[in-house]
Amino acid sequence: MRFGWRAISGPMLTAATLLLAMLSDRLIPPPSPAPLLVGLVALAGALSGLASAITSAAVAVIGATLLLLSRHGVSTSFADLVQLGLLAITAAGTAGITGLMRERLLGTFAAERRSHATAARLSAALDQVDIGIVLLDAETRAEFINRAFRDYFALPDEIADGKPPFIALMYHGRDTGAFELPEDELGTFIAQRMEMVRTGDATPINIALRTGEVLRFVCAALPDGGRMLSYTPVTDLVRHTDPPARADYYRSLRDPTGRKLIRYLRVAE
């Protein structure tokens with residue numbers, strides 16, 4: 001037990017209560033302090049844990065015994081002994097319950113902090129890769145959207161952080177002209193993607209963007225009913241049939257800084 005104000009507050013309050021009861025007993029006998037003592041034991045357990053609660057319980061039982069002896073001496077009645085025994089049992093039980101509950105709650109809070117820290121590190125790591133990643137819950141709402149996906153589809157942070165449904169992401173791509181498709185095919189394309197996500201179809205497909213990039217889309221079903229969507233850039237693999245003279249152009253599209261594209265345009269001029 002660490003000695004701090006939390007650790008000593010319970011035993012000190014218990015001892016002070018008993019001392020006041022003994023002093024006032026010489027003038028006007030107060031009612032039984034047993035309920036207050038049990039409450040102080042519970043307070044000690046909540047503030048500092050099992051050790052402080054047990055110490056407070058011991059102080060309460062010893063003090064109650066001294067108070068009983070000061071009133072009746074050694075000629076205490078059987079009823080008084082029963083009350084003292086009940087106080088001892090109640091105080092010990094209260095100390096055990098509150099102390100163990102506090103330890104369990106502290107363990108739960110520590111586990112949650114570790115879990116949040118791990119999730120934060122994982123989120124930061126996924127923001128460093130060039131693969132777009134979207135995590136959907138069982139209702140197809142986006143719980144996480146990494147930086148690469150936001151950049152590929154020009155998705156503002158205020159929309160991405162608002163946990164939009166997957167259909168809203170598809171409509172955003174349509175409205176911003178992200179897909180390299182005729183307008184009369186966009187409705188069918190969105191419906192097919194929604195069906196793939198709904199059924200958890202893991203068949204990979206290629207999605208061509210108007211920027212010239214090609215993303216390989218894969219939907220993975222998660223055990224909790226959610227989905228993980230990945231958008232892997234495969235521009236160099238898919239564009240191998242394009243004219244060799246434009247190969248540098250397509251490779252330059254994958255340069256996030258745009259330096260290669262600028263050099264290519266200068267050469268083309």
Side-chain angles (χ1 to χ4, degrees), residues 123 126-258 260-262 264-265 268:
S123 175
L126 291 178
D127 276 336
Q128 303 303 314
V129 301
D130 63 349
I131 300 175
I133 301 220
V134 179
L135 297 179
L136 305 177
D137 61 15
E139 297 178 353
T140 70
R141 298 190 70 89
E143 293 186 323
F144 172 78
I145 302 175
N146 77 335
R147 179 55 52 188
F149 181 93
R150 303 183 190 202
D151 293 340
Y152 288 141
F153 295 95
L155 184 67
D157 290 341
E158 56 269 19
I159 296 178
D161 295 336
K163 296 185 177 182
F166 179 66
I167 185 65
L169 298 178
M170 296 298 299
Y171 285 150
H172 173 80
R174 181 201 64 182
D175 296 339
T176 57
F179 304 113
E180 192 181 62
L181 285 172
E183 291 188 6
D184 57 348
E185 297 180 12
L186 283 173
T188 302
F189 172 78
I190 292 175
Q192 290 173 346
R193 299 294 78 73
M194 290 299 301
E195 181 64 16
M196 288 185 69
V197 170
R198 187 185 67 81
T199 60
D201 187 353
T203 304
I205 65 168
N206 293 334
I207 299 177
L209 303 181
R210 290 195 182 277
T211 59
E213 289 198 83
V214 179
L215 304 178
R216 180 155 296 169
F217 169 81
V218 177
C219 173
L222 302 178
D224 63 352
R227 301 287 186 265
M228 185 183 77
L229 313 180
S230 61
Y231 298 78
T232 305
V234 292
T235 307
D236 291 345
L237 299 177
V238 174
R239 299 292 188 180
H240 67 279
T241 58
D242 289 321
R246 296 182 61 82
D248 289 338
Y249 168 70
Y250 289 119
R251 280 193 290 269
S252 70
L253 293 175
R254 300 187 63 186
D255 177 23
T257 63
K260 293 181 181 178
L261 179 59
I262 293 172
Y264 171 80
L265 294 175

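In this text, all values refer to a predicted model and were calculated from it rather than measured experimentally. Computed from heavy atoms alone, side chains included, the values below leave out hydrogens, waters and symmetry copies.
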Q: Once rounded to the nearest 0.5 Å, what's the spacing between atom CG of Leu222 and atom CG of Leu135?
A: 7.0 Å

Q: Quick check: do Arg198 and Thr140 have side-chain heavy atoms less than 4.5 Å from each other?
A: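 Side-chain contact under 4.5 Å: no.
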
Q: Taking the side chain as every heavy atom from C-beta outward, state whether Arg227 and Phe166 have any atom pair closer than 4.5 Å.
A: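 They are not in contact (no side-chain heavy atoms under 4.5 Å apart), so the answer is no.
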
Q: Any sub-3.5 Å donor-acceptor pair from Asn146's side-chain atoms to Ile131's backbone N or O?
A: yes

Q: If you compare all heavy atoms of Ala160 against all heavy atoms of Leu155, which two are closest, and at what distance to 0.1 Å?
A: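 Heavy atoms of Ala160 and Leu155 come nearest at CB-CD2, 3.6 Å.
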
Q: Flag yes if more than 12 heavy atoms outside Glu143 fall under 6.0 Å of its CD atom; otherwise flag no.
A: yes

Q: Identify the residue among Leu215, Val134, Ile133 that makes a side chain to side chain contact (heavy atoms under 4.5 Å, CB included) with Phe149.
A: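 Exactly one option meets the side chain to side chain contact (heavy atoms under 4.5 Å, CB included) with Phe149, and it is Val134.
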
Q: If every non-hydrogen atom of Pro233 is compared with every non-hydrogen atom of Tyr152, which pair is closest and at what distance?
A: CG-OH, 3.5 Å

Q: Rounded to the nearest 0.5 Å, what's the gap from CG on Asp224 to CG on Asp137? Could you check?
A: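 The CG atom of Asp137 is 8.5 Å from CG of Asp224, to the nearest 0.5 Å.
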
Q: Please check this pair: side chain of Arg147 against backbone of Gln128, looking for a donor-acceptor N/O pair closer than 3.5 Å.
A: no

Q: Nearest 0.5 Å please: distance from the CG atom of Leu136 over to the CE atom of Met228.
A: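 If we round to the nearest 0.5 Å, Leu136:CG and Met228:CE are 10.5 Å apart.
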
Q: Taking all heavy atoms of Ala221 and all of Gly200, pick out the closest pair and write down the distance.
A: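 Closest heavy-atom pair between Ala221 and Gly200: CB-CA, 4.5 Å.
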
Q: Counting C-beta onward and ignoring hydrogens, is there a side-chain heavy-atom pair between Met196 and Ile205 closer than 4.5 Å?
A: yes

Q: Going through the checks in order, is the side-chain hydrogen bond (donor to acceptor under 3.5 Å, both in side chains) test met by Asp201 and Thr199?
A: CA-CA 5 Å; Asp201 187 353; Thr199 60; 5.1 Å; no

Q: So, do Phe144 and Leu126 sit near enough that their side-chain heavy atoms are less than 4.5 Å apart?
A: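 The answer is yes, as the side chains (C-beta and beyond) meet within the 4.5 Å cut-off.
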
Q: Please report the interatomic distance CD(Glu195) to SG(Cys219), rounded to the nearest 0.5 Å.
A: 11.0 Å

Q: Hey, could you give me the CZ/OG1 distance between Phe153 and Thr176, rounded to the nearest 0.5 Å?
A: 8.5 Å

Q: Write down the atom of Leu181, the atom of Glu185, and the distance for their closest heavy-atom approach.
A: CD2-OE1, 3.7 Å

Q: Do side-chain atoms of His172 reach the backbone of Pro156 as a donor and acceptor pair under 3.5 angstrom?
A: no

Q: Between Tyr171 (side chain) and Ile190 (backbone), is there a donor-acceptor pair under 3.5 Å?
A: no

Q: Does this structure show an ion pair linking Arg150 with Asp127, if we count only N-O contacts that are shorter than 4.0 Å?
A: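 So Arg150 does not pair with Asp127 through a salt bridge.
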
Q: Main chain of Val214, side chain of Thr235: is a donor-acceptor contact present, judged purely on distance under 3.5 Å?
A: yes

Q: Kindly compute the distance separating CZ (Arg193) from CG (Leu169), expressed to the nearest 0.5 Å.
A: 14.5 Å

Q: Using a 3.5 Å distance criterion without hydrogens, assess whether the side chain of Arg210 forms a donor-acceptor pair with backbone atoms of Gly177.
A: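 Flag set: sc Arg210 to bb Gly177 pair under 3.5 Å.
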
Q: Could you walk me through whether Phe189 and Phe179 pass the ring-ring contact (aromatic ring centres under 6.0 Å, His included) check?
A: CA-CA 10 Å; Phe189 172 78; Phe179 304 113; 5.0 Å; yes

